[in-house]
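These figures come from a predicted structure and were not determined experimentally. Just so it is clear: chains get the letters A, B, ... in the order the sequence lines come, proteins before strands, and each one is counted from 1.
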There are 2 protein chains.
Amino acid sequence: MADVAARAGVSAQTVSRVIGRPEMVTEETRKRVQDAIRELNYIPNEAARNLASNNSRVVAVVIPTLSSSAFAAQVKATIDTLELRGISVVIGNSEYSVLREEQIIQTLLERRPMGFILTGLHHTPRAMDLLRQSGVPVVETWDTDARPIDCAAGFSNIAAGRDVGALLLKRGAQRIAFVGGAASQDSRANGRFIGLAKAVAEAGLPPPVRIELVLPMSTQDGIHGLDAVLAQAPLTDAIFFSADSLALAALLECNRRGLRVPEQLAICGFGDFDLAGLVTPSLTTVRIQPDVMGRTSAELLLARVDGDEAPTTVALQHQLIRRGSA
Amino acid sequence: MADVAARAGVSAQTVSRVIGRPEMVTEETRKRVQDAIRELNYIPNEAARNLASNNSRVVAVVIPTLSSSAFAAQVKATIDTLELRGISVVIGNSEYSVLREEQIIQTLLERRPMGFILTGLHHTPRAMDLLRQSGVPVVETWDTDARPIDCAAGFSNIAAGRDVGALLLKRGAQRIAFVGGAASQDSRANGRFIGLAKAVAEAGLPPPVRIELVLPMSTQDGIHGLDAVLAQAPLTDAIFFSADSLALAALLECNRRGLRVPEQLAICGFGDFDLAGLVTPSLTTVRIQPDVMGRTSAELLLARVDGDEAPTTVALQHQLIRRGSA
DNA sequence: TTGTAAGCGTTATCAG
DNA sequence: CTGATAACGCTTACAA
């Protein structure tokens with residue numbers, strides 16, 4: 001920066017201004033400085049900037065995994081939104097473990113991020129302490145069924161589960177099963193189960209059979225879930241899978257086995273993956289727009305950072321997509 | 001840090017050592033300092049560390065998009081590998097544009113990353129200049145068909161395309177078509193086409209029809225590609241799609257239309273997505289292990305940073321997965 | 001509008 | 001093994 005200043009015949013401070021608040025500098029001076037910057041290929045040192053200005057221009061995003069198209073889409077939208085403001089995103093993978101999440105939060109805190117975007121409302125007490133003490137804004141996503149630390153941009157898994165239950169019942173299902181990530185690892189999936197169970201209970205039917213898959217899970221686990229359901233409750237006439245990947249695998253497996261969907265077994269997924277509408281029968285599912293969640297959570301965080309009076313919870317709506325499989 | 005030092009009755013420097021090189025401090029002193037750190041909830045300031053040590057502990061990863069399971073898997077593996085060493089990953093989304101990539105590289109350079117992991121071997125001249133001048137190690141992925149800036153961890157798209165061509169020909173295909181991202185946007189897909197065209201030429205057949213899709217593309221585009229091929233070359237008997245998502249969409253559409261795969265139309269994808277083996281007929285495709293690429297590129301970068309004599313190019317092998325669709 | 005001085009919180013370096 | 005001192009490259013705050 002000193003070199004640039006010398007070359008432009010100004011002080012370092014003026015160079016700093018040209019970079020940070022160009023409008024504070026005469027057009028002529030500005031031009032001279034910008035030329036010098038270009039000629040010297042000067043690239044500001046962000047660490048020095050952070051240290052002096054106490055602003056990292058970094059947002060930390062912690063998700064359970066990147067190998068789910070929904071989380072990937074969410075993160076992509078977050079990155080795109082923040083990139084426009086010159087903010088970088090650092091990603092933490094918790095692998096569906098709140099303990100790892102805590103560890104990651106602690107490490108990322110060293111970068112003094114402008115804020116955290118977390119997945120879900122459930123974290124270790126220590127993680128919440130760390131967050132609170134540091135005073136960084138926190139946006140929680142994917143869940144609005146409990147009180148957020150600070151604010152949230154998500155949807156109600158319970159409501160979504162209940163809607164699925166209602167649809168399945170309306171379709172005539174009597175013995176509904178649920179296949180999803182273990183409740184202890186995935187509280188969002190658990191919320192969907194709770195909603196489903198509520199709808200089933202209200203209809204006066206016995207509680208749904210539940211298969212808990214150990215996370216991280218693969219698409220293949222959809223077949224394992226199907227098998228587990230059929231082994232445990234052979235009369236099951238409808239299965240709600242907590243993710244489309246699982247539902248799709250199961251649906252295709254049913255086709256292969258000659259098990260008629262939805263006549264013998266109705267199937268409902270969650271997430272509305274790209275292929276959901278293309279398989280036969282097409283997959284009934286729930287659309288949640290992870291990209292909107294990614295963008296909204298970023299905007300909410302920015303509003304918090306700017307001190308705007310941001311809403312505590314942005315409730316995104318899920319949408320039941322009724323297709324052929326249920 | 002001063003507070004911690006005071007509380008532990010040592011100098012700030014000793015606190016720094018306990019954090020950075022604990023082995024240089026007596027066990028007793030170390031313990032005292034660690035207690036003080038815990039009691040005061042001290043969290044080091046990474047920006048100050050970066051500035052003083054001239055080491056950002058950040059690696060920049062630039063990919064075309066995160067909404068492709070292959071790139072997501074790659075990035076996940078990279079994050080997991082680097083996390084172990086306390087290195088954070090910042091992600092840039094180029095949206096398949098080398099211009100945006102250049103812009104992103106310039107911005108990320110401000111963070112003085114330990115290195116860059118880029119996608120492909122094709123970048124703007126200015127981007128390459130920026131990289132060279134900054135002197136950061138660069139690992140390029142997804143392509144080994146040209147000379148890397150620094151080093152590469154990828155596979156040969158040309159070889160993969162050629163293998164697909166050979167398989168399709170062996171299967172009896174006479175009129176092969178290719179559907180993939182526009183060559184100007186996706187040089188990797190272009191490589192696959194080149195390989196395919198080579199195999200076809202060697203067999204003495206007319207060059208394959210080629211449909212270029214504008215990126216970013218959706219799964220649905222697989223159907224558009226299929227339609228475009230059939231419109232342009234109705235006698236086509238085999239299509240090579242540059243991504244499984246496209247191939248899967250097309251395959252399912254063929255099923256719906258009663259177009260028999262592979263009898264009337266053989267289909268080959270690329271990437272071996274989760275569902276590839278589950279559809280009927282199962283999808284013939286090419287496996288490339290993006291997770292291995294993500295891990296390997298990270299390791300290669302670390303080796304470069306450590307000054308180890310790392311190989312210039314790590315050639316990962318693709319694997320033809322012959323299934324039912326071709 | 002521009003410049004000067006004083007940090008920002010840490011690590012490198014050298015001395016003890 | 002531990003401590004003192006001087007950076008690291010920039011921005012804030014104030015002065016001119």
Side-chain angles (χ1 to χ4, degrees), chain A residues 1-37 40-58 86-88 107-114 134-136, chain B residues 1-37 40-58 86-88 107-114 134-136:
Chain A
M1 183 179 252
D3 294 348
V4 174
R7 179 166 196 125
V10 297
S11 74
Q13 191 41 233
T14 299
V15 177
S16 169
R17 286 202 188 91
V18 169
I19 294 169
R21 294 102 154 278
E23 71 283 1
M24 288 186 68
V25 178
T26 321
E27 182 170 341
E28 196 223 306
T29 317
R30 194 193 315 156
K31 187 155 181 354
R32 240 181 24 249
V33 172
Q34 283 167 337
D35 287 346
I37 288 177
L40 294 176
N41 286 306
Y42 167 66
I43 295 178
N45 182 319
E46 185 65 21
R49 254 161 109 155
N50 294 172
L51 188 57
S53 68
N54 196 27
N55 176 183
S56 63
R57 303 176 199 220
V58 159
I87 297 169
S88 296
T107 305
L108 292 184
L109 235 18
E110 299 184 355
R111 299 203 182 264
R112 303 289 188 270
M114 304 168 75
S134 70
V136 281
Chain B
M1 183 179 250
D3 295 348
V4 173
R7 180 167 194 121
V10 297
S11 74
Q13 190 43 234
T14 299
V15 176
S16 170
R17 286 201 189 92
V18 169
I19 293 169
R21 294 101 154 278
E23 72 282 1
M24 286 184 69
V25 178
T26 321
E27 182 170 341
E28 195 222 308
T29 318
R30 193 193 316 155
K31 185 150 184 356
R32 239 180 26 249
V33 172
Q34 283 166 338
D35 287 346
I37 288 176
L40 295 176
N41 285 307
Y42 166 67
I43 296 179
N45 183 320
E46 185 66 21
R49 253 161 110 156
N50 293 172
L51 188 58
S53 68
N54 195 28
N55 176 181
S56 63
R57 302 175 202 220
V58 159
I87 297 169
S88 296
T107 306
L108 292 184
L109 236 18
E110 300 184 355
R111 300 203 182 265
R112 302 291 189 272
M114 303 168 75
S134 70
V136 281

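Looking at residues two or more places apart in sequence or on another chain, you find no salt bridge (Lys or Arg N to Asp or Glu O under 4.0 Å) involving A:Asp3. B:Thr107 pairs by the side-chain contact (heavy atoms from CB on, under 4.5 Å) definition with B:Gln103, not counting sequence neighbours. For the side-chain contact (heavy atoms from CB on, under 4.5 Å) test, no residue two or more places apart in sequence or in another chain qualifies with B:Asn54. With sequence neighbours excluded, the residues satisfying salt bridge (Lys or Arg N to Asp or Glu O under 4.0 Å) with A:Arg57 are A:Glu46. By the side-chain hydrogen bond (donor to acceptor under 3.5 Å, both in side chains) test, B:Arg111 is found to be paired with A:Ser88, residues two or more places apart in sequence or in another chain being considered. The side-chain contact (heavy atoms from CB on, under 4.5 Å) test applied to A:Ser53 returns A:Asn55, not counting sequence neighbours. Looking at residues two or more places apart in sequence or on another chain, you find a side-chain contact (heavy atoms from CB on, under 4.5 Å) between B:Arg7 and B:Ala36, B:Glu39, B:Leu40. Residues that satisfy the salt bridge (Lys or Arg N to Asp or Glu O under 4.0 Å) test with B:Glu28, not counting sequence neighbours, are B:Arg32.
Remark: the backbone N or O of B:Arg112 is paired with a side-chain donor or acceptor of B:Ser56 at under 3.5 angstrom.
With a cutoff of under 4.0 Å to any heavy atom of chain B, the contacted region of DNA chain C is bounded 5' to 3' by C:dG9 to C:dT13.
Residue pairs meeting the salt bridge (Lys or Arg N to Asp or Glu O under 4.0 Å) criterion with at least one partner in residues 11-23 of chain B, sequence neighbours excluded, do not occur; the list is empty.
Residues from residues 23-36 of chain A placing a heavy atom under 4.0 Å of any atom in DNA chain D do not occur.
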Expected string for nucleotides 4-16 of chain D under the B/S/- scheme (protein heavy atoms, under 4.0 Å, primed atoms plus P, OP1, OP2 as sugar-phosphate) is B---BBBBBB---

